[in-house]
Amino acid sequence: VLAVSIEFSFVFWASTLISARTGVSTDQATFLASLFVAGMLAGRVALGMSAAMHVSSRRLVVTGLSIAAAGAALAWVAEMPVVAGLGLFLGGAGTGALYPLGVAVALETSPGAEVTASARLTMASGVAILAAPSVLGVLSDAVGVVAAWPVVLAFAAAALALGIATTRSRI
């Protein structure tokens with residue numbers, strides 16, 4: 001839920017954040033937001049190659065979450081479009097492989113209950129896609145998107161804490 005919440009908060013709100021933070025037009029901010037998608041591609045390739053080299057899926061999830069958190073923080077504080085674009089790229093690189101890696105972790109930890117785990121993942125993703133951007137939107141209406149963006153950082157911090165805790169307990 002948290003990883004998908006991070007991803008879809010970027011998808012729905014990054015261009016608004018960048019426009020508000022840097023002062024660029026909405027057209028330019030939308031163009032910069034495409035760097036998030038480019039980052040997702042790069043992240044899937046890089047983390048996918050690491051998984052092929054038998055790096056633990058749990059460690060890759062923690063790595064992805066760390067990169068996503070750094071990207072979300074950078075996008076939040078960036079006042080220059082280039083820096084904001086870097087934050088969006090990093091956010092995408094970090095989140096790009098989180099869902100497939102999360103599926104791998106869930107399925108490997110539920111032997112004999114893979115169908116149930118898969119169904120729960122699908123439900124959790126749907127809830128995250130519906131709820132996270134809406135929560136960010138409601139907060140943005142109340143306090144502005146720049147002041148509301150730390151919710152994304154909170155999603156990342158919570159996911160990272162859970163990822164680290166479960167990775168350490170399984171090594």
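Any value given below was found using the heavy atoms of this structure, including those in side chains, with hydrogens, waters and symmetry copies removed. Count residues from 1 along the sequence.
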Evaluation steps, side-chain contact (heavy atoms from CB on, under 4.5 Å), between Arg120 and Val115: CA-CA 9 Å; Arg120 288 180 180 162; Val115 172; over 6 Å; no

In this structure, would [X] and [Y] fall into the same cluster of hydrophobic residues linked by side-chain contacts under 4.5 Å?
X      : Y      : value
Phe89  : Phe31  : no
Met49  : Leu41  : yes
Val77  : Val24  : yes
Leu162 : Val1   : no
Val127 : Leu121 : no

Rounded to the nearest 0.5 Å, what separates atom [atom1] in [X] from atom [atom2] in [Y]?
X      : Y      : atom1 : atom2 : result
Glu108 : Ser56  : CD    : OG    : 7.0 Å
Leu65  : Leu60  : CG    : CG    : 11.0 Å
Leu17  : Phe12  : CG    : CZ    : 15.5 Å
Leu88  : Ile18  : CG    : CD1   : 4.5 Å
Leu90  : Ser66  : CG    : OG    : 12.0 Å
Glu114 : Leu107 : CD    : CG    : 6.5 Å

Which residue pairs pass the side-chain hydrogen bond (donor to acceptor under 3.5 Å, both in side chains) test with at least one member in residues 3-17, sequence neighbours excluded? none

Do the side chain of [X] and the main chain of [Y] share a donor and acceptor less than 3.5 angstrom apart?
X      : Y      : answer
Ser34  : Thr30  : no
Trp149 : Ser140 : no
Arg21  : Trp76  : yes

Using side-chain contact (heavy atoms from CB on, under 4.5 Å), reason through Leu86 and Val82 one step at a time and then give a plain yes or no. CA-CA 6 Å; Leu86 177 60; Val82 171; 5.9 Å; no

What pair of heavy atoms forms the shortest contact from [X] to [Y], and how long is it?
X      : Y      : answer
Ala73  : Leu153 : N-CD2, 3.4 Å
Ile6   : Ala68  : CG2-CB, 4.4 Å
Val146 : Ala20  : CG2-CB, 3.9 Å
Gly91  : Phe10  : CA-CZ, 3.8 Å
Pro81  : Thr22  : N-CG2, 3.9 Å
Val105 : Ser57  : CG2-CB, 3.6 Å

Who passes side-chain hydrogen bond (donor to acceptor under 3.5 Å, both in side chains) against Gln28, sequence neighbours left out? Ser25

Which pairs would a plain distance check flag for residues 96-104, meaning a side-chain donor or acceptor within less than 3.5 Å of a matching protein atom at least two apart in sequence or in another chain?
none

